[in-house]
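Just so we're clear, the structure is a prediction, and the values are computed from it rather than from any experiment.
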Amino acid sequence: MSELKNDRYLKALLRQPVDRTPVWIMRQAGRYLPEYREVRKEAGDFMTLCSTPELACEVTLQPLRRFDLDAAILFSDILTIPDAMGLGLYFSEGEGPKFTRTIDSASDVNNLAIPDPADKLSYVTDAVSLIRKELNGSVPLIGFAGSPWTLATYMVEGGSSKTFSKVKALLFEDPASAHTLMSKLADSVALYLNAQIEAGAQAVMVFDSWGGALTTPHYKAFSLAYMQQIVDQLIREKDGQKIPVVLFTKGGGMWLPEIADTGCDGVGLDWSVDINIARQQIGDRAALQGNMDPAIMATNPEVIRQEVSRILADYGHGSGHVFNLGHGITPNIKPDNVAALVDAVHEFSAQYHI
């Protein structure tokens, strides 16, 4: 890791000693930053922003110019894979992502082709290469993808859902097709993440945003099993450096030991989890990432500092903790509050690494 000026994020994920707890923020490149809103306006629409490497690079770097963050995360969207499968991703103002085509039958599942990242997703790998070059070894770059289950929810429902009634019906009524869909998505995600690693990503993360909506048997069969399929296929070392992988299931607090059993390097925690209990459950099998409630970011610097202090104390001494929010930062947050969070993590955490 000699080429990196700041490698504490990678070291923490590998549970190696660090001088202080690293911090980055889910959705750290986003609408809470006025400079992001300017570039988003210039792009014209969200997909153009994602699919233009120079613009994706610019917004990836923006938070790092403002805050003393320990990692950059690729600016992209979790739904790039279904889009590359031909489902036609678009974004409606105020309504979130939608698809022009949905998966409605077993034949739809069987007809899905696994996209070649070099063909359909080259704009992402081009962005990764450009970002890595522009970072110039300042901090590591995180690549990411959505989990098979989470991607499937959008592909079957046609967009966001509160009940997941269509995709859950698929699991109950046609489990064979559901397994085929998840397996194709797992292979697609593994190819995609490996392409990001080859392009320069130094760690990767799988976002299982909707795993918490499942029953325990369905979570294990249709979400966790396919994240395992991804982990088993990933490049875990490149140019002599380990490439850590983090799995994050929002609402997955009851399955943390099983998530750690996949052999991932880090387990993401949402804000409903007690980080001390999580550490006891997982032990030294994986690092932990999390887990401040994003709602606290709308308060004030003093409240934020108190909560940072509490979470660090709850985790306790030693490496293996990457500080983060328990989910993405929301658009209404003042940038000064983000600075307060980042500075507090670095200030208060040094005592736990002596």
Side-chain angles (χ1 to χ4, degrees), residues 1-26 68-73 137 139-144 193 197 201-208 224 227-228 230-232 234-249 252-253 255-271 273-292 308-326 342 345-354:
M1 297 177 195
S2 54
E3 64 163 333
L4 271 173
K5 298 175 188 76
N6 173 356
D7 62 358
R8 64 170 68 94
Y9 165 74
L10 298 180
K11 283 183 166 175
L13 282 182
L14 298 170
R15 302 183 306 287
Q16 296 170 0
V18 290
D19 60 335
R20 53 191 187 183
T21 303
V23 55
W24 69 276
I25 296 167
M26 282 191 250
D68 187 20
L69 294 156
D70 294 295
I73 183 164
V139 294
L141 173 60
I142 306 165
F144 74 91
L193 289 177
I197 291 165
Q202 290 148 292
V204 291
M205 183 161 169
V206 178
F207 285 92
D208 184 27
L224 189 61
M227 289 197 284
Q228 177 77 69
I230 293 163
V231 170
D232 290 345
L234 288 179
I235 297 165
R236 303 295 285 273
E237 191 168 317
K238 185 167 184 283
D239 301 329
Q241 305 299 339
K242 291 199 170 174
I243 309 290
V245 55
V246 179
L247 302 183
F248 171 62
T249 294
W255 307 307
L256 299 179
E258 290 88 345
I259 296 169
D261 285 343
T262 60
C264 64
D265 298 286
V267 176
L269 308 176
D270 69 19
W271 64 89
V273 174
D274 183 315
I275 199 167
N276 183 269
I277 293 172
R279 190 178 187 187
Q280 291 174 46
Q281 289 178 320
I282 289 174
D284 61 1
R285 283 179 291 158
L288 300 177
Q289 179 180 279
N291 64 334
M292 180 183 272
V308 167
S309 178
R310 181 193 69 77
I311 291 168
L312 289 169
D314 281 356
Y315 181 83
H317 283 80
S319 193
H321 181 204
V322 173
F323 200 100
N324 208 312
L325 301 180
V342 173
V345 173
H346 287 154
E347 179 188 338
F348 297 148
S349 67
Q351 64 185 303
Y352 297 106
H353 298 284
I354 297 167

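- Checked against D265 for a side-chain hydrogen bond (donor to acceptor under 3.5 Å, both in side chains), the options R285, R236, K242 give a single hit: R236.
- Nearest approach of D261 to Q228, heavy atoms of both residues: O-OE1, 4.1 Å.
- Expressed to the nearest 0.5 Å, how far CE of M292 lies from CE of M26 amounts to 12.5 Å.
- Residues D19 and R8 are paired through a salt bridge, judged by an N-O separation under 4.0 Å between the basic side chain and the carboxylate.
- Inter-residue side-chain proximity for L269 and I275 is flagged as met; some heavy-atom pair is nearer than 4.5 Å.
- Side-chain contact check for L13 versus V322: some heavy-atom pair is nearer than 4.5 Å.
- In this structure, the separation between CD on Q280 and CG on D274 is 8.0 Å, given to the nearest 0.5 Å.
- In this structure, P140 and Y9 approach most closely via the heavy-atom pair CG-CD2, 3.9 Å.
- Taking each heavy atom of R279 and S319 in turn, the nearest pair found is NH2-O, 4.1 Å.
- Using a 4.5 Å heavy-atom threshold, the side chains of V231 and V206 count as separate.
- Scanning all heavy atoms of the two residues, the minimum distance from V273 to G253 falls at CG2-CA, 3.7 Å.
- Taking CD1 of I282 as the reference point, atom CG of L256 lies at 5.0 Å (rounded to 0.5 Å).
- Counting heavy atoms from C-beta on, the side chains of M205 and F248 come closer than 4.5 Å.
- Here the CZ atom belonging to F348 is positioned 13.5 Å from the CZ atom belonging to R310, to the nearest 0.5 angstrom.
- With no hydrogens or angles considered, a side-chain donor-acceptor pair links H353 and T21 at under 3.5 Å.
- Residues satisfying the side chain to side chain donor-acceptor pair (under 3.5 Å) criterion with N324, sequence neighbours excluded, are absent altogether.
- One finds the CG atom of D208 at 8.5 Å from the CG atom of L224 (value rounded to the nearest 0.5 Å).
- A pairwise comparison of heavy atoms in V342 and I25 identifies CG2-CD1, 4.4 Å as the closest pair.
- Separating the CG atom in L312 from the NE2 atom in H317 is a distance of 11.0 Å, to the nearest 0.5 Å.
- Between F207 and F144, the two ring planes are perpendicular [angle over 60°; tilted spans 30° to 60°].
- Contact check for Q241 versus E3: no side-chain heavy atoms found under the 4.5 Å cut-off.
- Residues meeting the salt bridge (charged side-chain N to carboxylate O under 4.0 Å, His left out) test with R20, sequence neighbours left out: D68.
- Shown here for G252 and I259, the closest heavy-atom pair between the two residues is O-CD1, 4.2 Å.
- Between D7 and Q202 there is no side-chain heavy-atom pair separated by less than 4.5 Å.
- Using modelled atom types, no side-chain atom of D314 and backbone atom of N276 make a donor-acceptor pair closer than 3.5 Å.
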